K.L.:
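Sharing a structure below in structure tokens format, with a few things to ask.
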Amino acid sequence: MKNAISNLEDILSQTISGFHQYVLTEPAHLSYVSRNLCAMVGCTEAELLSEQEDRYAALVHPADRGLYAAFLQSLREQPQTQSAEYRLVRKDGTTLYVKDTMTSKSGEDGALLGDSVLTDITSLKHENDNLQFLNETIPCGFIKYSCEKQPRVTYINRQMMELLRIPQAQEGELDYREMYTDNIFLMIPMEERRRFALYLNRVHTAGKPMAGELTLLRCDGTRAHVFGWVTKCVNEEGAEEFQSVCMDVTERHQAQKAGETRRYLKALTDVYDKIFQYDLSSNTVTCRYSNNSPTFKWLENIPMQMEDATERWITGTVAEEDCEQVRTFFQKFFQKQLYRPGGRPPQLSYRAQSSSGEMELYQGIFLKMDDSVSLYCCRKVTDASEADSLRHENLSLKENMQELVLRFTDGVAAFEVTEEMVTPLYASDNVFEFFGFSQEEWMPLMKKSTPIKEFVSRSDVAYEEYEELFRTGEAEFNYFDLKSQHHRRVKAICSQKAPSGTSPRYVMLYNVEESEPEQGEPQPQDRTVSIRTFGYFDVFVGNKPISFRNKKAKELFALLVDRRGGYISSEEAISFLWEDEPVSPVTLARYRKVALRLKNTLEEFGISDVVETVDGKRRLVMERVRCDLYDYLSGKEEYAQLFKGTYLSNYSWGENTLAELTGSFLS
């Protein structure tokens, strides 16, 4: 029995964290302290025990003593168990956060006792303080939602509600939070829903997070632009869910958009007499450029009600016989029926009163800036025959520029080329990457002329292809669009070279097609990856061949196959992909783009796990593919006839392996 009591003493002193016993009857004091409590506060048993005073209470942080006194008083009222969190000041002056769980009970002599156990929560408190600091200094919206076809919101934090301007629900009013709970797509503008659904589909299929910018629809009808990411998790109930963290970048987006518009306007003012900005989201029209017209100059940069201002202009200016067709043209625009998918920008010819009071022939065009903003640009045609004369090659360079902008869709880039120098006039973010520049690097280029060869050196496109553009006046290229995360095809049109060769030429780029899967397009059910190396190189997922949009990305994958599971560094890959070029910042940047495009292609087919990347080095995970080369080299009888004497016919560097295979084949 004595041995059992001794063991009990050891358990209380060493195992139960911070155990001590109180006599709660006044004067309150400690009647027992464990060794681990002494270690916790840095005091000896003698320093803590006293029948005349509460020496433990003296260790409580001065700011928490009122809370601690109320805690003891509550325990005195009746036998019960209570918990409290407070701070203790150790003997060395450091602070300790504890959670005190005490049970009060009556002793044999009638005194009220309290058995207490302490839990050290210092690290947890510091972690929470750090989270609170981040929450206050870098407020982020956080949201959880289900993985259903129509996701339901299961949690939304205060910052996200403020970002979306969700008001507190009043009695009898619509509860916007409840509305979003039922369908997260209600906070996504209609034109963004397809892209958002596509992202969710990719995250759910690949099981990897995605990041990017997105437009959200606030409760008050305005729009917020956020940068964030989506990841798939398993919640406490074991169900899959999406989680998103968002940072509000609306101000940055608006400033950037305004900068893009200014640069675009600068290029367009060389072509058009007047430019009006139509914003369908705010239902306004603003005169952005009037060429000092006395009729419109005083209205520049003043937003007006869109339909009313347009109707007043038609009624007061357009020739009576053209009013109906002009009115119909703009009504279709207001109703979002004017733009046709893949079509050229809508154009209009009409007669209207000029600032001199005479009836003149005008040509107008709508150029789409984004889903809500378009620019209506118009110019006066000196006589009716000028429209036809624009097609002739002997026109001035300015007229060639007019023809380019009138004929084709809204340009994603415009350049001025003089002899061997180039100056960007305008470009959207998506085009920076095409030329291998960041936005920060691009801005200074717009203020100076750069040798063409240097300007295009970071691009995947060979300089000879640009030379062909300048010679023939027309070319098409592939590029990876950062915004949509898909490959697009872009067409370049170059104005004719003047006989003198000294006047500037203009280049306009515009999208001609985009390869993007339909919303919710299912991944192939059969994810078996089959690789063919004997003959021409090809890759299949199930029975579906991968159509690589970038030739170098396909060649990089072939290189990984040829390496047979071994890692290949950036420098080694460059020596194969660009055999005649040394490793340099330019080729390294070009290689990173190729590797990114390969990664995106594999992710699109749901097979990103076949390539492993460690510290910039890449290798093929051989166990996850079927390959005729690997089958042949296995030595199994059933694969002995696979090799017919050709290997990676697409690539000259495959000759080394071909020689190895031929030697074993002939022996």
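What you see is a predicted model; the values in this text were computed from it and never measured.
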K.L.:
State the CD-OG distance between Gln305 and Ser282, to the nearest 0.5 angstrom.
P.N.:
10.0 Å
K.L.:
To the nearest 0.5 angstrom, please state how far the CZ atom of Arg597 sits from the NZ atom of Lys552.
P.N.:
12.5 Å
K.L.:
Tell me if the aromatic rings of Phe330 and Trp313 count as close, with their centers under 6.0 Å from one another.
P.N.:
yes
K.L.:
Please evaluate residues His204 and Leu200 with respect to the criterion side-chain contact (heavy atoms from CB on, under 4.5 Å), reporting the C-alpha separation (whole Å), side-chain torsions for both, the decisive distance (0.1 Å), and the verdict.
P.N.:
CA-CA 6 Å; His204 189 268; Leu200 294 186; over 6 Å; no
K.L.:
So Ser354 and Tyr362, side-chain hydrogen bond (donor to acceptor under 3.5 Å, both in side chains) or not? Walk me through it.
P.N.:
CA-CA 9 Å; Ser354 67; Tyr362 285 85; 4.8 Å; no
K.L.:
I need the minimum non-hydrogen distance between Ala595 and Leu556, along with the two atoms involved.
P.N.:
CA-CD2, 3.9 Å
K.L.:
Are any side-chain N or O atoms of Asn201 and backbone N or O atoms of Ala197, one a donor and one an acceptor, separated by less than 3.5 Å?
P.N.:
no
K.L.:
Could you walk me through whether Val230 and Val245 pass the side-chain contact (heavy atoms from CB on, under 4.5 Å) check?
P.N.:
CA-CA 7 Å; Val230 180; Val245 177; over 6 Å; no
K.L.:
Can you check whether Glu240 reaches Lys232 side chain to side chain, under 4.5 Å on heavy atoms?
P.N.:
yes
K.L.:
Inspect the contact between Lys380 and Asp273 and indicate whether a charged nitrogen and a carboxylate oxygen are less than 4.0 angstrom apart.
P.N.:
no
K.L.:
Apply side-chain hydrogen bond (donor to acceptor under 3.5 Å, both in side chains) to Glu251 and His225, showing your working.
P.N.:
CA-CA 8 Å; Glu251 290 186 7; His225 297 273; over 6 Å; no
K.L.:
Quick one, Leu348 and Gln325 - any side-chain contact, counting heavy atoms below 4.5 Å?
P.N.:
yes
K.L.:
Are Phe366 and Phe276 close enough that their ring centres sit under 6.0 Å apart?
P.N.:
no
K.L.:
So, for Ala553 and Phe548, which heavy atoms are closest and what is the spacing to 0.1 Å?
P.N.:
C-CD2, 4.4 Å
K.L.:
Is there side-chain contact between Leu216 and Leu164, with heavy atoms separated by less than 4.5 Å?
P.N.:
yes
K.L.:
In terms of heavy-atom contacts, does CD of Gln337 have more than 12 from other residues, nucleotides or ligands at under 6.0 Å?
P.N.:
yes
K.L.:
Looking only at non-hydrogen atoms, find the nearest pair between Arg379 and Tyr272 and report the distance.
P.N.:
CB-CD2, 4.0 Å
K.L.:
How many angstroms lie between NZ in Lys336 and CE in Met190, if you round to the nearest 0.5 Å?
P.N.:
9.0 Å
K.L.:
Kindly indicate whether the side chain of Cys378, heavy atoms from C-beta on, has any atom under 4.5 Å from the side chain of Tyr350.
P.N.:
yes
K.L.:
For a quick check under 3.5 Å, do Ser372 and Tyr278 share a side-chain donor-acceptor pair by atom type?
P.N.:
no
K.L.:
Which pairs with one or both residues in residues 140-149 pass salt bridge (charged side-chain N to carboxylate O under 4.0 Å, His left out), sequence neighbours excluded?
P.N.:
none
K.L.:
Answer yes or no: is there a side-chain heavy-atom contact under 4.5 Å between Gln277 and Val285?
P.N.:
no
K.L.:
Sequence neighbours left out, what passes side-chain contact (heavy atoms from CB on, under 4.5 Å) with Arg218? Give chain and number order.
P.N.:
Arg165, Asp220, Thr222, Ala224, Asp248, Thr250
K.L.:
Walk me through it: do Ser83 and Lys99 pass the test side-chain contact (heavy atoms from CB on, under 4.5 Å)?
P.N.:
CA-CA 7 Å; Ser83 294; Lys99 181 176 181 179; 4.0 Å; yes
K.L.:
Give the C-alpha distance, both sets of side-chain angles, the deciding distance and a yes or no for side-chain contact (heavy atoms from CB on, under 4.5 Å) between Gln243 and Phe142.
P.N.:
CA-CA 7 Å; Gln243 294 185 3; Phe142 181 66; 3.7 Å; yes
K.L.:
Is any side-chain heavy atom of Thr231 closer than 4.5 Å to one of Phe242?
P.N.:
no
K.L.:
Looking at SG of Cys377 and CD1 of Ile275, how far apart are the two atoms once the value is rounded to the nearest 0.5 Å?
P.N.:
4.5 Å
K.L.:
Is Tyr376 close to Ile365 at the side-chain level, that is, under 4.5 Å between some pair of heavy atoms?
P.N.:
no
K.L.:
What pair of heavy atoms forms the shortest contact from Leu445 to Thr423, and how long is it?
P.N.:
O-CG2, 4.2 Å
K.L.:
Could you grab the distance from atom CG of Asn550 to atom OG1 of Thr601, nearest 0.5 Å is fine?
P.N.:
8.0 Å
K.L.:
Where is the tightest heavy-atom contact between Ser349 and Gln363, given as atom of each residue plus distance?
P.N.:
OG-CG, 3.8 Å
K.L.:
Measure the shortest side-chain to side-chain distance between Met306 and Leu280 over non-hydrogen atoms and say whether it is less than 4.5 angstrom.
P.N.:
yes
K.L.:
Check whether Arg618 reaches the backbone of Gly616 with its side chain - one donor and one acceptor, N or O, closer than 3.5 Å.
P.N.:
yes
K.L.:
Before you tell me yes or no, could you show the steps for Tyr145 and Ser244 under side-chain hydrogen bond (donor to acceptor under 3.5 Å, both in side chains), namely the whole-Å CA-CA distance, both residues' side-chain angles and the distance that decides it to 0.1 Å?
P.N.:
CA-CA 9 Å; Tyr145 43 106; Ser244 292; 2.6 Å; yes
K.L.:
Determine yes or no for a side-chain-to-main-chain donor-acceptor pair under 3.5 angstrom, with Asp279 supplying the side chain and Val373 the backbone.
P.N.:
no
K.L.:
If you take all heavy atoms of Leu217 and Pro189, which pair is closest and at what distance?
P.N.:
N-CD, 3.9 Å
K.L.:
Output yes when a side-chain donor or acceptor of Arg193 lies under 3.5 Å from a complementary backbone atom of Ile188, and no otherwise.
P.N.:
yes
K.L.:
Please confirm whether the backbone N or O of Leu67 pairs with a side-chain atom of Asp64, one donor and one acceptor, at under 3.5 Å?
P.N.:
no
K.L.:
Indicate yes or no for a side-chain donor-acceptor contact from Glu307 to the backbone of Asn283 under 3.5 Å, with no hydrogens or angles considered.
P.N.:
no
K.L.:
Can you tell me how far the CD atom of Glu85 sits from the CD1 atom of Ile121, to the nearest 0.5 Å?
P.N.:
4.0 Å
K.L.:
Has Arg351 got a side-chain atom pairing as donor or acceptor with Asp322's backbone, closer than 3.5 angstrom?
P.N.:
no
K.L.:
With the threshold set at 4.0 Å, does a side-chain nitrogen-carboxylate oxygen contact exist between Glu311 and Arg327?
P.N.:
yes
K.L.:
Could you tell me whether the side chain of Ser146 and the main chain of Pro151 form a donor-acceptor pair under 3.5 Å?
P.N.:
no
K.L.:
Could you go step by step and tell me if Tyr155 and Asn157 meet the side-chain hydrogen bond (donor to acceptor under 3.5 Å, both in side chains) rule?
P.N.:
CA-CA 7 Å; Tyr155 173 79; Asn157 73 344; 5.3 Å; no
